[in-house]
Amino acid sequence: MSSAHRFDRGHTDDLMSFLAASPSPYHAVANTAERLEKAGFRQVAETDAWDGTTGGKYVTRGGAIIAWYVPEGATPATPFRIVGAHTDSPNLRVKPLPDTGAAGWRQVAVELYGGTLLNTWLDRDLGLSGRVSLRDGSHRLVNVDRPLLRVPQLAIHLDRGVNQDGLKLDKQRHMTPVWGLGEPREGDLIRFVAQEAGLAAEDVTGWDLMVHSVEPPAYLGRDQELLAGPRMDNLLSVHAGTAALIAAVGSEGLPCIPVLAAFDHEENGSQSDTGAEGPLLGNVLERSVFARGGTYEDKARAFAGTICLSSDTGHAVHPNYSERHEPGHHPVPNGGPILKVNVNQRYATDGSGRAVFAAACERAGVPWQHFVSNNSMPCGTTIGPITAARHGIATVDIGVACLSMHSARELCGADDPFLLAAALTSFLEG
C-alpha cells in the first residue's frame with residue numbers, strides 16, 4: 001500500500017459494501033435504515049402520532065429516508081443541521097409492459113431514467129433490482145444480482161464509421177436489453193421476478209424495477225488511490241451522511257438537531273412526493289417541532305437557525321478534456337470535499353455558507369477545494385437550491401470530485417469518501 005494513503009480505508013471498504021448492496025433507491029433506503037437501527041434509531045410511521053421524546057428517529061417513504069436525533073435539552077426552537085443527499089442514479093428502468101423482442105431475441109423494454117450516459121450501459125453484464133408491489137398493498141425488494149441482461153453494441157463490421165464519426169445511439173431503438181432467445185411472452189419477466197422473490201406472480205400487481213451493473217466496486221490504480229464503482233452519484237453522500245449522523249449522536253452537548261435527508265428523483269428534477277421539491281422534509285421538521293410542544297413561532301425560529309449541506313458528487317478535472325473545466329479552479333481526487341459555487345443559483349452556496357463549511361472542515365482537519373463551472377459550459381444543479389427556496393433554509397452545496405459522472409461506473413479518489421464523512425460529522429456536531 002502506497003504512502004499516499006493517509007487514512008484508514010475502513011470507511012471506503014464499507015462504502016464499497018454499501019454500493020454493492022444498494023442497486024436501487026429502495027435498497028439504499030433499507031440499508032440505511034438497518035444501519036440506523038443498529039445505532040439505536042427507531043422508525044416512526046407518518047400515519048402515527050409523534051411524541052417529543054429525545055433520541056434518534058427516522059421515516060421512510062419509497063426511495064427516501066429522513067433521520068434525525070433530538071438531544072437532551074433540545075427546545076422546540078432548537079435549530080436543525082441537515083445533510084441532504086439523494087438515493088437515485090441514472091439508469092434503465094423497466095416499462096409497464098416489459099416483454100418485447102425481435103429477430104428471435106427476447107428483450108426487456110426499458111425507459112431511460114435521468115441523464116443517463118448511454119454508451120456506458122453497452123456490452124455490460126446487467127442485473128435487475130427494485131421493488132414489486134403486492135395485491136395486499138405491501139412491497140418486496142428484488143435483487144437479481146447476476147448477469148441477466150445485456151445491451152449489445154453493433155459490431156464495427158456493421159458500423160464502419162463509428163470510430164471516425166462517433167457512436168450514435170437512438171434512445172428508443174438501440175437501448176433495449178436482451179435476456180434470452182425465442183418469442184417474447186406476455187408476463188414472462190414478472191413471472192421470473194416473482195419467482196426470484198419467492199412470490200406468486202398473480203400477487204404482483206405493480207413494480208419499480210431497474211437494471212444495474214453486476215461488476216462490484218474496486219480500488220483502481222498502481223497504488224490503489226482511486227475507487228471505481230456504480231451509483232457513487234449519489235450513494236457516496238448517502239453513506240457518508242449516515243456515518244456522520246451516527247457519529248454525531250455520540251457527541252456531548254449537541255447544540256442542534258442533526259438530520260440526514262436522502263431524497264429520491266433528484267436525477268429527473270425532484271418533483272415527487274419523495275423528491276426534494278416535495279413536502280417530506282418540511283413535514284418531518286415541522287412535526288418534530290410540534291411534537292416537542294412547539295408553536296408556529298418556534299418552528300420559524302428553528303428554521304431561521306437551520307443550515308443544510310447539500311452533498312452531491314461534482315466534477316474532478318478530466319485529464320483528457322481539461323479545456324472543459326474552469327482554468328482557475330481545479331479540484332483533484334483525494335484533495336478533500338469540494339465547495340460548489342454558482343452565482344446563478346444552480347448551487348445554493350454563498351459567502352456565509354462558505355464560512356460554515358470552512359469551519360466544519362477546519363475542526364475536522366479536512367482539506368477542501370472549490371468547484372466552479374467553466375463560463376462556456378452549462379452548470380448542473382442539485383437539491384441545494386430547491387431546499388433553500390422551498391423551506392427558507394440556508395443551504396451550502398458540497399460534494400466529492402469524480403470522473404465519469406452519470407456513467408454506469410464512476411471514479412473518485414479513494415480517500416475522499418472518508419474526508420467527506422469527517423467534514424459532515426463536524427458540521428452535524430454544530
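All values reported here derive from a predicted model rather than from experimental measurement. No hydrogens, no waters, no symmetry mates; every other heavy atom, side chains included, goes into these values.
- Lys299 pairs by the side chain to side chain donor-acceptor pair (under 3.5 Å) definition with Glu286, not counting sequence neighbours.
- Shown here for Pro337 and Cys361, the closest heavy-atom pair between the two residues is CG-SG, 4.5 Å.
- Defined by atom type and a distance below 3.5 Å, a donor-acceptor pair is present between the side-chain atoms of Arg363 and Ser426.
- Aromatic pair Trp179/Phe192: ring centres closer than 6.0 Å.
- A salt bridge links Asp415 to Arg9: one of the charged nitrogens lies within less than 4.0 Å of a carboxylate oxygen.
- Salt bridge status for Asp312 with Arg346: absent, with no side-chain N to carboxylate O gap under 4.0 Å.
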In residues 196-204, what donor-acceptor pairs under 3.5 Å come from side-chain atoms, sequence neighbours left out?
unit_1 : atom_1 : unit_2 : atom_2 : d
Glu196 : OE1    : Arg146 : NH1    : 3.2
Glu196 : OE2    : Arg146 : NH2    : 2.9

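- Between the CG atom in Leu148 and the CG atom in Asp145 there is a gap of 10.5 Å [rounded to 0.5 Å].
- By the 4.0 Å N-to-carboxylate-O rule, Arg390 lies too far from Glu277 to be salt-bridged with it.
- Leu236 is listed as a side-chain neighbour of Leu15, based on a closest heavy-atom distance under 4.5 Å.
- Between the side chains of Ser133 and His139, at least one donor-acceptor pair of N or O atoms lies under 3.5 Å.
- Relative ring orientation between His329 and His370 is described as perpendicular, the plane-to-plane angle rising above 60° on a 0-90° scale split at 30° and 60°.
- Considering every non-hydrogen atom in both Arg292 and Pro76, the closest pair reads O-CG, 3.2 Å.
- Ring orientation note: the planes of Phe357 and Trp368 are nearly perpendicular, at an angle over 60° on the 30°/60° scale.
- The two atoms that bring Leu36 and Ala67 nearest to each other are CD1-CB, 3.6 Å, heavy atoms only.
- A salt bridge is absent between Glu297 and Arg301: the closest approach of a Lys/Arg side-chain nitrogen to an acidic carboxylate oxygen does not fall below 4.0 angstrom.
- Between Trp68 and Tyr58, the ring center distance fails the sub-6.0 Å criterion.
- In this structure, CH2 in Trp50 is found 7.5 Å from OG in Ser288, a value given to the nearest 0.5 Å.
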*Yes or no on salt bridge (Lys or Arg N to Asp or Glu O under 4.0 Å) for Asp397 and Arg354, after CA distance, side-chain angles and deciding distance?*
CA-CA 9 Å; Asp397 272 295; Arg354 181 187 188 279; over 6 Å; no
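- Atom SG of Cys379 sits about 10.5 Å away from atom CE of Met377, to the nearest 0.5 Å.
- Side-chain contact of His212 with Asn91: a donor-acceptor pair under 3.5 Å is absent, judged by distance alone.
- Remark: Glu362 CD is loosely packed, at most 12 non-hydrogen atoms of other residues, nucleotides or ligands lying under 6.0 Å away.
- Under the 6.0 Å cut-off for aromatic ring centres, His239 and Phe18 qualify, their centroids lying closer than that.
- Ion pairing between Arg42 and Glu37 fails under the 4.0 Å rule for side-chain N and carboxylate O.
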Can you give me every donor-acceptor pair (side chain of residues 59-66, partner residue at least two apart or in another chain, under 3.5 Å) with its distance?
unit_1 : atom_1 : unit_2 : atom_2 : d
Thr60  : OG1    : Gln43  : NE2    : 3.1
Arg61  : NE     : Glu46  : OE2    : 3.0
Arg61  : NH1    : Asp273 : O      : 3.1
Arg61  : NH2    : Glu46  : OE1    : 2.5
Arg61  : NH2    : Glu46  : OE2    : 3.3

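- Glu429 and Ser251 share a side-chain donor-acceptor pair at under 3.5 Å.
- For the residue pair Tyr26 / Asp264, no side-chain donor-acceptor distance below 3.5 Å is found, with atom types taken as modelled.
- Between the side chains of Asn234 and Ser237, at least one donor N or O sits under 3.5 Å from an acceptor N or O.
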